[in-house]
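Side chains included, hydrogens not; waters and symmetry mates left out as well; all remaining heavy atoms used. Quick caveat: nothing in here was measured; it's all calculated off a predicted structure. Note on naming: letters A, B, ... go to the chains in the order of the sequence lines (proteins, then strands), and numbering restarts at 1 for each one.
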Number of protein chains: 2
Amino acid sequence: MDSPVTTRLSEQLREKIEESIVTGAYAPGTRLEEIDLAEMHGVSRTPIREALIQLEAVGFISKRPRKGWEVTAIPAPRLCEMFDVMAEMEAMCGRLAARRATDVEQRRIRLTHQACQRAKEANDPAEYYRLNEVFHLAIYDASHNAFLIEQASALHRRLRPYRRLQLRVRNRMHTSFNEHEAIVQAIEAGQGDVASDLLRAHVVVQGERFTDLVSSLESLVSPKLSVVA
Amino acid sequence: MDSPVTTRLSEQLREKIEESIVTGAYAPGTRLEEIDLAEMHGVSRTPIREALIQLEAVGFISKRPRKGWEVTAIPAPRLCEMFDVMAEMEAMCGRLAARRATDVEQRRIRLTHQACQRAKEANDPAEYYRLNEVFHLAIYDASHNAFLIEQASALHRRLRPYRRLQLRVRNRMHTSFNEHEAIVQAIEAGQGDVASDLLRAHVVVQGERFTDLVSSLESLVSPKLSVVA
DNA sequence: GATTCTTTTTGTGTATACAGAAAACTGACT
DNA sequence: AGTCAGTTTTCTGTATACACAAAAAGAATC
């Protein structure tokens, strides 16, 4: 039924757990106990442990001396740093995409952008959010640098639970769309430096958006706090 | 004597094995067998396995279906992609460093550069190679972006066995030094964009250096090939 | 002599067992 | 009643054992 050579419980478990983190099911700060996870997935501790070790190596979780594993809660300042790096990587993708994108890839970017427009006009933030990811990934792909694509995608995924919050910001969807339009034009015109600068500005977290980010961070972590307060 | 809470054989083992890869003791393509490594280090398979899993997560080794673990041999085209990304990250470090470096950090960069000069004039490539790393790391630090520093350092380390080969290229030490001088000046002058562009050009693998890289790659992998040929 | 089938060996993936340490709880003493 | 000490429990790190699968080697047959 499923792939026969996918022998590797620990890999499948890593994907499952990572998915739970990325989607926010396991919020930052959540404790992960090996035995619980093992029972939950009906396996022994060993493959669970191996999955957790992989997740730790990529920074998704961290191990506290005697406290078990914990979903990494990224502090706001570090999150800004990560968005800065993300911005730079996207800028690089954009520069390369403007130089290297094939006709098919250009068309794919433009089409995804138009789909974003429909989602915007339908005032459907969820759909816009989904298409926004497709849009950015399309630009990554057009860079024709496999390593860059991997790195950018990984960081994109890492930041996913935090980016989702950004769209709640007032008018973000419209602003985002307008920025996309300019980016697409720059790529189509082959203007690498322009696309690069636009993408950097588009992704980076500046000014008031930083405050939004910080405040929305609080809605992610331990809900019990809100009960106390 | 050593840190008492460093209980974690797998961590120590990961560092040891990674060191062997980075220094080139384990050349690309080398087979790593769990039992051999376990005996070699006087431990059981479990911590070895955990160490290998971590190394796989970062891309140092990869697992072949039924062939065990193998030190990842990076193909030349991918290596170029990685150097391109490295160049972009260094460029970003330089741009930030020019804006943010403290007096102490500027002085540290300049001093390391002067040490490079002494190594160059003493015609000591090994020492120059070592100081070159210190120089670049000093620029990373001056960027004041902890995440960027981590990422850049990790990629730098990843590329280390390949960068070493580059210095064998004729006159590379002198060219490198001159480029460093311009970079230092740009950072001291606070010219972020200039530092950025210079660093990108300094790190990237272009033109004839690509050919050098490809040919030097062959000296890394399985020596039996040269016996056959 | 070559090819194919069978058997053996080797190596990985998962489970389980065991030891040691830290944290929590309980009891006693001040 | 509070604090300190001792005991118990829980959890982690490491070792070992077992099963399954693939590759290699050897034997038999064509």
Side-chain angles (χ1 to χ4, degrees), chain A residues 1-21 26 29-73 222 224, chain B residues 1-21 26-73 222 224:
Chain A
M1 193 64 71
D2 56 342
S3 47
V5 201
T6 312
T7 34
R8 275 240 261 174
L9 213 40
S10 57
E11 274 298 323
Q12 299 169 236
L13 290 168
R14 184 192 60 77
E15 283 177 20
K16 279 190 196 172
I17 301 173
E18 184 178 320
E19 196 62 24
S20 296
I21 297 174
Y26 290 160
T30 304
R31 286 279 175 73
L32 298 180
E33 281 187 23
E34 296 178 3
I35 297 175
D36 292 352
L37 288 172
E39 286 176 1
M40 194 177 308
H41 293 89
V43 298
S44 90
R45 270 180 59 215
T46 309
I48 289 285
R49 208 178 146 74
E50 296 188 349
L52 293 177
I53 288 172
Q54 292 177 60
L55 289 173
E56 189 195 25
V58 196
F60 273 105
I61 63 180
S62 47
K63 186 160 37 185
R64 313 256 246 156
R66 276 280 152 185
K67 301 279 191 174
W69 306 82
E70 184 181 299
V71 177
T72 306
S222 42
K224 56 189 170 199
Chain B
M1 193 61 71
D2 57 339
S3 48
V5 202
T6 311
T7 34
R8 276 238 263 175
L9 214 41
S10 57
E11 274 299 323
Q12 299 169 237
L13 290 168
R14 184 191 61 76
E15 283 176 21
K16 279 191 197 171
I17 300 174
E18 184 177 320
E19 196 63 24
S20 296
I21 297 175
Y26 290 160
T30 305
R31 285 279 174 74
L32 299 179
E33 281 186 21
E34 297 179 2
I35 297 175
D36 291 353
L37 287 171
E39 286 176 0
M40 196 178 305
H41 293 89
V43 298
S44 91
R45 272 181 56 213
T46 308
I48 289 285
R49 209 177 146 73
E50 296 188 349
L52 293 177
I53 289 172
Q54 292 177 59
L55 289 173
E56 189 195 24
V58 197
F60 273 105
I61 63 179
S62 48
K63 186 161 35 185
R64 313 254 246 157
R66 278 278 153 186
K67 300 279 193 172
W69 308 82
E70 183 179 299
V71 177
T72 306
S222 42
K224 56 188 168 198

Sidechain N-carboxylate O distance under 4.0 Å for A:E11, A:R14
yes
Looking only at heavy atoms, which two atoms of A:I61 and A:V71 are closest? And how far apart?
CG2-CA, 4.1 Å
Round to a whole Å and report the spacing from CG of B:D36 to P of C:dT12.
9 Å
Interatomic distance where CD1 belongs to B:I61 and C1' belongs to C:dT12 [whole Å]
14 Å
Supply the atom-to-atom distance B:M40 CE to B:I48 CD1, rounded to the nearest 0.5 angstrom.
8.5 Å
Nearest whole Å is fine: how far is D:dA15 P from B:L13 CG?
9 Å
Which heavy-atom pair separates B:A51 from B:I17 by the least distance, and what is that distance?
CB-CD1, 4.5 Å
Of all heavy-atom pairs linking B:L9 and B:P47, the shortest is CB-CB, 4.1 Å
Round to a whole Å and report the spacing from CD of B:E11 to C1' of D:dT14.
15 Å
Separation of C:dT10 P from B:R31 CZ (nearest whole Å)
16 Å
Where A:A57 and B:Q54 come nearest, the two heavy atoms and their spacing:
CB-O, 4.2 Å
Look for any protein N or O under 3.5 Å of an N or O in nucleotides 8-11 of chain D and output each such pair with its distance, or none.
from: D:dC11; atom 1: OP1; to: A:E33; atom 2: OE1; distance (Å): 3.3

Identify the pairs formed between an N or O of the protein and an N or O of nucleotides 16-18 of chain C at a distance under 3.5 Å, and give each distance.
from: C:dT16; atom 1: O4; to: A:T46; atom 2: OG1; distance (Å): 3.4

Please answer whether the main-chain N or O of B:Y26 pairs with a side-chain N or O of B:S20 as donor and acceptor at a distance below 3.5 Å.
no
Nearest to the side chain of A:V43 - C:dG13, D:dG13, C:dA15?
C:dA15
Check the distance between C:dT12's P and A:L9's CG and give it to me in whole angstrom.
18 Å
Atom CD of A:E50 and atom P of C:dT12: how far apart are they, to the nearest Å?
12 Å
Could you pull out all residues at least two apart from B:E34 that satisfy salt bridge (charged side-chain N to carboxylate O under 4.0 Å, His left out)?
B:R45, B:R49
So, does B:R49 get its side chain near the phosphate of C:dG13, meaning an N or O under 4.0 Å from OP1 or OP2?
yes
Note, A:L52 side chain near A:L37 side chain (heavy atom, < 4.5 Å)
yes
Starting at CZ of B:R64 and ending at C1' of D:dA21, how long is that distance when rounded to a whole Å?
18 Å
